[in-house]
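Each remark here refers to the structure printed beneath this line.
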Amino acid sequence: MYNKVSKDLNFVDREKKVLEFWKNNDVYKKSIAPKADGAPTFTLYDGPPTANGKPHIGHIKTRVIKDVIPRYHAMKGESIVFKAGWDTHGLPVELEVEKALGINGKPQIEGYGVEPFIKKCKESVWTYKDQWEHMSDRVGFWADMENPYVTYDNNYIESEWWALKQMWDQGLIYKGHKIVPYCPRCGTALSSHEVAQGYKTVKERSAVVRFKCVDEDAYFLAWTTTPWTLPSNVALCLNPNDEYSKVKACDGYTYYMATALLDSVLGSLAKDGEKAYEILESYKGTDLAGRSYVALYQGAADEAAKQKKKAHYTVCDEYVTMEDGTGIVHIAPAFGEDDARVGRDNDLPMVQFVDTRGNLTEETPFAGKFVKDADPEVLKDLDSRSLLFSAPKFEHEYPFCWRCDTPLIYFARSTWFIAMSKKRDELLKSNNMVNWMPETIRDGRMGDFLRNVIDWGISRERYWGTPLPVWECECGHRHCIGSIEELKSMSDDCPDDIELHKPYVDNVHIKCPKCGGQMKRVTEVIDCWFDSGSMPFAQYHYPFENKEFFDTHYPCQFISEGIDQTRGWFYSLIAISTVLFGRAPFENCIVMGIVQDKDGIKMSKHLGNVVDPWDVLDSQGADAARWYFYTANQPWLPSRFSKEAVNDGIKKFIGTFWNTYAFYVMYADIDNFDPTKHTLDKASLGAMDRWVLSRLNTLIKVVNEKMDNYDISQSARLIQDFTEELSNWYVRRCRDRYWGAEETQDKVNAYMTLYTVLDNLTRLCAPFVPFMTEEIYQNIVCSVDKEAPISVHLAKYPVADESLIDAKLEEEMELVQQIVTLGHSCRESASIKNRQPLSEIYVVSEIGLDDEYKPIVLDELNIRKIEVMSDASTLVDYSFKPQLRTCGRKFGKNLNDAKEVIANLPGKETYNALKNGSVKITVNGEEYEMTEEDFLIETTQPEGFSTQTSGNLTVSISTVLTEELIEDGLVREMISKIQNHRKETEGLTVSDRIVLKYEGNDKLAEVIEKKKDYLASEVLAVEISKGTGDNSKEWNVNGEKITFSVVKA
RNA sequence: UGGAAAGUAACUCAGCCGGUCAGAGUGCCGUUCUUAUAAAGCGGUGGUCGAGAGUUCGAAUCUCUCCUUUCCAACCA
C-alpha cells in the first residue's frame, strides 16, 4: 500500500527526485495560480542578483528566507506574483570584461570600441546564470525564473526613462558638481564600494600655512594634509562658535587661530622658559568671518576674478572641529565634499587647477606635476616665501585605487543629481509605512540615512548602463526624453530598432524645440541602483504596458534582502517610488544579517573560510540548509554557518520527523491500514491521542499567527519542539498499541491519530522543508487518497480545529511528564534501575491528576501503585528548632528546656497545626502559644523513600524491595536479555516464535518456572525448558549467571 | 574615525516591558532505557549574564563610560 521508507538519512537523492516530480508535473505553476475567484493576491519583489558573480552560501539564506513566505501564502489559497530578476548593468561588469579582454582603463576601452565592448558586457552578465538558476532550483526557490526581468532590456530601460522624465518634469533633476573619489590613472570615478577596498595607512607631510591678512600685519594659520590643493585655495573656514585668539608668537609673527589648539601648534616655539606666545585678544569664530587675506597663488585670484566671485576671505561652518590642526581649515571647493558645500553656501568660485590625469595645470607654478609629486614642491615654494609655518608628518588612512594602487584624489566632476533632499519629509513618511523587521531599521539605519538624505548623484561616466535620456543643444536648452516614441518623434536619425544603450543612443540626435538646432545626448549613463530601484514598475514595462496589472499589484506585500542593501536596494526602491507614487513600494521587509563562518568571521576568499553552497547541498541537502537558516536565529542576526550546525538540525528535526513517518509507514503496512477507510472517532480517543491532537492544533494555530507576522524562526522552532515531543513522547509511549495482531478500536485510534498528526504536520512545515514533506505527503496521503492534490504544495495549509484544543489536557500532560522526570530522578538517586519494579509512588500536586493519566506514569516508571495528594506532609517529615529571635523573648530562661520540647514535637501533626494556626507547648509547667514564625522548620525524608521536588510538585517513590518485587525484577531483566539474544540471533525477525532453553542457575530457574507463561508471551516462546541447546550464550542477570539458548521454533 | 547591531555555560541560542531560580539544546562524564530513530530519559560537569560605574529596596534585564565582534559609512581640513 505505502512505499517502503528507507531509514537512511540520505536526503540528497530523494530531494533530486522531488525536483524531477515538480518539473514533470508543473507543480510550481499550479501552486501560484489563482485558487478561486476573488482569492487574494500576494505579491513579492525580488532583489535582483548580479549573475556575473558566483552564488555563495549567503545567497542561500536570502533565497530560502524569501521562499518560505510565498509558499506559505500559496498554501493559504492566495495567488502569488513573484518575478525573478537579474541586475545586469554597472562597473563590476565592465571590470570583468576589461579583465577578460586584457585591457585596463577608459582610454583602452575607447580604443577597443564601445560597441564591441558593451556587447561583451551583455554576454558577461550571464557568466554564472546557469549556476544561479541551478542553485535557486536546488534549494527549492520558487520564483518565476522563466520570465525574469532583466535590467538591460529595452523595455526595462524605457520604463526607467519614463521615470526619469517624471522627475525631470517635477524639476528634480539638475546638473551640478559632485566631489567623487577619482583615479587619475584609470580616468574614472570609483564607487564608494570600490573605494572602501583600498584604504591604507600612509604617513605624509602636512602643512601649516601662514595666510597674510590684507588689512594688518597678522596671519591666519591653517592646516592641510594635501598641500597640492593649496594652489586652488579660495577661502579659510572657522567654527562659528568656538573661541579664536590673536597671539603674538615668539617667532615674531602675529597669528590668528583656535584658542584650544594654541599649545599644540605653537608650543614647540618656546625656548628656555620663554613663553611661546602671548594672547592679545580673543574672539568668537563669527567675529572673524569675512576677513580678507592675500591669496597664496595669483592663479587662484585671477580665476576668482574671471568667475566674478569674491574669494580669499574667512567663512564659518560648524563642521570645523578643534581636534587637529589649527581650528582653521583651508577651503578648496573642487577637492572635498565639505569644501564644496562650504563653497556653495558662500558662493565661492570653483577653482580646479588639476586636470583629469591628476596633474597640476598651467595656472599654477607646478604645471604638469602629478598631485602627490607636487606636495613637496608646494612645501618648498611656500617655505621659500616664508609662508610655511611647519610641515609636520601626519599619519592617516588614505584611499588608493584597488586596481592600480594609484592614490585617489577627490575631485569635482560635473554630475547629474536627483534632488532627493527636497523629498526628505515624503521619504520619511514612506519609511514609516514599512513594517521593518527588525523594527530598529526604521528609526535606526534607514531613518538616520533618510533624515540626512542628500541629493542622489545618478550619472556615471561609464559605458555599460542605462543611458541618461537628456539631450543638450548648443543654445543651452536641454530636453529629457521619456519614451522611445518621443525620441523617434523628435529625431530624424533614430533607427526603428533602436537599442537604448551606448553607443547607439549617442548617435541619435533630436531637433531643439527652442532654436531648431541639433541636440546631442549627454554622455553619461546612470547609477545601476536606479535600475534595481525601478523594478516595481520597470519589470512590467509600466506605463507602456500592463498598466492595470501594475495598479493592482503595487505596492507589494513583501521583500527581503541583506542589511547591506539599506542604502542600496531598499533606499533606491523607496526613493524612486516616493517621488513617482508618493509611497514605499513594499509593505513588509525582513532585513537579513549576513552569513559568517562558524567563528563569526566574515567569509572571504582570501581568508579561505568560504563555504561552498554545493558542498552543503550535495551532502546534507536543501531541506537541511533551509532548516538551519530558519531555526538558527532571527533572520536579521548574522548567521554563524557551519556544516556541523546544519547537522544539528538534521538530527533534531529532519531525522526525527523522517523516522516518525517511517515508523507509521512500517506498521501501517504490516497491518494494511488504510486511513481513508476509517474516521477519527473522537469519542473513544484515549488521553494520549487527545493530547497529541490538542498539541497539534495549538501548534497549527500559533504557527498560522506567527507566519502571518513573518515570524519564521519562532514558527520553525515551535514545529521542531512539537516534532520532538511527537516522537519521544507520543510515539514512544504508544508503540505497543501498534503491535497487537487484532484490529481493536484502540489500535485504529492510534493509527488514525498518528496519521492525522503526520498529515497536518507535513502540510504545516511544507513551506519550510518542501522536499521531504513532498515525499511524505505523497506516500502517506496521495497513495491512499485519490482525491488529494498531487503535491503537498497544492494542499491547503492546516487550520486549527479549535474543538480539539484542550488547554487543561495539555497542562495535565505536562504534569505527567514532570512527574515522570522526577520519578526517574528519584530512581537515579536511589540507584534503582527502571527494570526493577517498585511498589508505590506518591505525587503531591496542586493540580489533581485524573485517573486516566495514572497508567502512563506507572508504566513509564515501572511502579505498581500511585497515590496523588495535595499535601506533602504525608511524604516528608518535619523537625523544628526555635527561632531565637522570637523565642528568646518568649521563653526567657526556659529557653534551653524549650529547645528540648520543641525538638521532640511530632513532625507532621505540628506542621499541620501550624499551617492552620498555632500550637501550644508546655515547658516547665508553663504553656506557650507558638506560631509558624517561632520555628525554623526543616523537612526530613522518611526512611524507605526517595523524594524529588520541583516547584510545587513533589514526587516520592517507595524504595522498599519485597521478595516479590525482586522476583519480578529478575523476570523483567531476563526478558530484556532474551530479547537482546533474539535480536543478535541471525535469521530471526520480530514476529518469529522461538524455543527457549536455560541452564546453570537454580535461583533463576525457580523464578522462570514460576512465571513461565508470562515470560513465554513476552519473548514469543512456544516452549521453555531446562537444558542446553544450540545458539547459547551466558548472561548476567542482576549478578546471577545463566545460559540461554534461543532457537527458531 | 563615525553610525548601527551584537557580546549570557566549551559551542549555538532563549530570557531582557527590573523582583524564584541565570535557562534550553549541543559537547563531555556517569547511568538508565529501547520489537522506529545518526535516538531517548535521568544525573553530573560547566557562567562573577563583555568590563566598570550609576538609578533602585532589588538589574542579565534601565542609564552612562569603556572594551571586543560584525555590518554600514567615511579625504574630517
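Convention: sequence-line order gives letters A, B, ...; per-chain numbering from 1.
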Item to check | Partner set under side-chain contact (heavy atoms from CB on, under 4.5 Å) for Asp345(A), not counting sequence neighbours | outcome: Asp317(A), Arg341(A)
Checklist entry - Within this structure, what is the CD1-to-C1' distance between Ile563(A) and G3(B), rounded to whole angstrom? => result 12 Å
Checklist entry - In whole angstrom, what separates Trp436(A)'s CH2 from A5(B)'s C1'? => result 15 Å
Checklist entry - Is there a donor and acceptor pair, one atom on the side chain of Arg445(A) and one on the base of C71(B), closer than 3.5 Å? => result yes
Next on the checklist: Tell me every residue that passes side-chain contact (heavy atoms from CB on, under 4.5 Å) with Asn647(A), counting only those two or more places apart in sequence or in another chain.
Outcome noted: Gln620(A), Ile650(A)
Checklist outcome for this item: Whole-Å distance, Gln714(A) CD to A14(B) C1', equals 9 Å
Extract from the structure each pairing of a protein N or O with an N or O of nucleotides 31-34 of chain B at less than 3.5 Å, listing the distance.
| unit_1 | atom_1 | unit_2 | atom_2 | d |
| --- | --- | --- | --- | --- |
| C33(B) | OP1 | Arg835(A) | N | 3.1 |
| C33(B) | OP1 | Arg835(A) | NE | 3.4 |
| C33(B) | OP2 | Arg835(A) | NH2 | 3.0 |
| U34(B) | OP2 | Arg835(A) | NH1 | 2.6 |
| U34(B) | O2' | Arg735(A) | NH1 | 3.2 |

Checklist entry - Centres of the Tyr410(A) and Tyr182(A) rings: under 6.0 Å? => result no
Next on the checklist: If I pick the P atom on C21(B) and the same atom on U32(B), what distance separates them, to the nearest angstrom?
Outcome noted: 34 Å
Checklist outcome for this item: Contacts satisfying salt bridge (Lys or Arg N to Asp or Glu O under 4.0 Å) that involve residues 656-671 of chain A (not counting sequence neighbours) are Asp671(A)-Lys747(A)
Checklist entry - If you find the nucleotide of RNA chain B closest to Tyr398(A) and the one closest to Leu822(A), which residue's nucleotide is nearer the 5' end? => result Leu822(A)
Checklist entry - For Asp338(A) and Ser639(A), take the nucleotide of RNA chain B holding the closest heavy atom to each; which residue's nucleotide lies nearer the 5' end? => result Ser639(A)
Item to check | Runs of at least three Watson-Crick or G-U pairs with RNA chain B, cut-off 3.5 Å | outcome: B:1-7 with B:67-73, B:10-13 with B:23-26, B:28-32 with B:40-44, B:50-54 with B:62-66
Next on the checklist: If the cut-off is 4.0 Å, is Thr224(A) near the phosphate of A77(B), judged by side-chain N/O to OP1 or OP2?
Outcome noted: no
Next on the checklist: Please pick, from U26(B), A73(B), A77(B), the nucleotide with the shortest atom-to-atom distance to any side-chain atom of Trp223(A).
Outcome noted: A77(B)
Item to check | Pairs touching residues 648-662 of chain A that satisfy side-chain hydrogen bond (donor to acceptor under 3.5 Å, both in side chains), sequence neighbours left out | outcome: Tyr661(A)-Asn779(A)
Item to check | Nucleotide nearest Ile594(A) when distance is taken to its side chain, options A36(B), C71(B), A38(B) | outcome: C71(B)
Checklist entry - Just checking, Arg567(A) and Tyr571(A): is the charged tip under 6.0 Å from the six-membered ring centre and within 45° of the axis? => result no
